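Every number for a ligand or one of its atoms is a count from 1 in the order of the listing. All figures in this text were calculated on a predicted structure; none of them were measured in a lab. Side-chain atoms are counted along with the backbone in the values below, which use heavy atoms only and exclude waters and symmetry mates.
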Amino acid sequence: MTYDTNNVFAKILRGEIPCQEVYRDEHALAFHDINPKSKIHALVIPTGPYVSSEDFHERASSEEIVGYYRALDKVLETLNLKGKDQEGYRLLSNRGPRAGQEVFHFHTHIFGGEPLGPMLAI
Ligand code: AMP
């Protein structure tokens, strides 16, 4: 799949659509999900044009990949989710329509702030 420069997250990155920003640096942008599925629900996206986790891990440079995951860790800190062993949080990335991916710009969901229940609703 080729990257669609008009996907909603590309528009957020360009500032054409507003977001509730949590964190930003040269490698990543994080913002609150518009339709939260838990008390805390944020999304972390790379600043580069990657369709999915697979695309990101295959095509991004080592610097981009390390930068992205370091940023994700900073987002967890900013959201006050880190270091609470008894509470925890969930990281999730849907890859492809069958997994539920709706926006085709790679992103990691961060869920937290309350008990999250089973991993999959089946
Ligand atoms: P996925 O189904 O994994 O592709 O997740 C896409 C997520 O993007 C969903 O949880 C949506 O609620 C969220 N989303 C879509 N549009 C926006 C937006 N404009 N701002 C923030 N989150 C959004």
Query raised in the report: Salt bridge check: are Lys82 and Asp73 linked by an N-O gap of less than 4.0 Å?
Result: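 A salt bridge links Lys82 with Asp73.
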
Requested in this report: Decide side chain to side chain contact (heavy atoms under 4.5 Å, CB included) for Glu87 and Glu114; before the verdict, give the C-alpha distance in whole Å, the side-chain angles of both, and the deciding distance to 0.1 Å.
Outcome: CA-CA 8 Å; Glu87 295 185 15; Glu114 63 181 338; over 6 Å; no

Establish, from distance only, whether the side-chain atoms of [X] and [Y] form a donor-acceptor pair under 3.5 Å.
X	Y	result
His105	Tyr3	yes
Thr47	Tyr68	no
His41	His32	no
Glu58	Tyr50	no

Check each N or O atom of ligand 1 against all protein N or O atoms and list the pairs under 3.5 Å, with atom names and distances to 0.1 Å, one per line.
unit_1	atom_1	unit_2	atom_2	d
ligand 1	2 (O)	Gly100	O	2.7
ligand 1	2 (O)	Glu102	N	3.3
ligand 1	3 (O)	Asn94	ND2	2.8
ligand 1	3 (O)	His107	NE2	2.9
ligand 1	3 (O)	His109	NE2	2.8
ligand 1	4 (O)	Glu102	N	2.6
ligand 1	4 (O)	Val103	N	3.0
ligand 1	4 (O)	His107	NE2	3.0
ligand 1	5 (O)	His107	NE2	3.1
ligand 1	5 (O)	His109	NE2	3.3
ligand 1	10 (O)	Asp33	OD1	3.3
ligand 1	10 (O)	Asp33	OD2	2.5
ligand 1	12 (O)	Asp33	OD1	2.6
ligand 1	22 (N)	Ile34	N	3.1

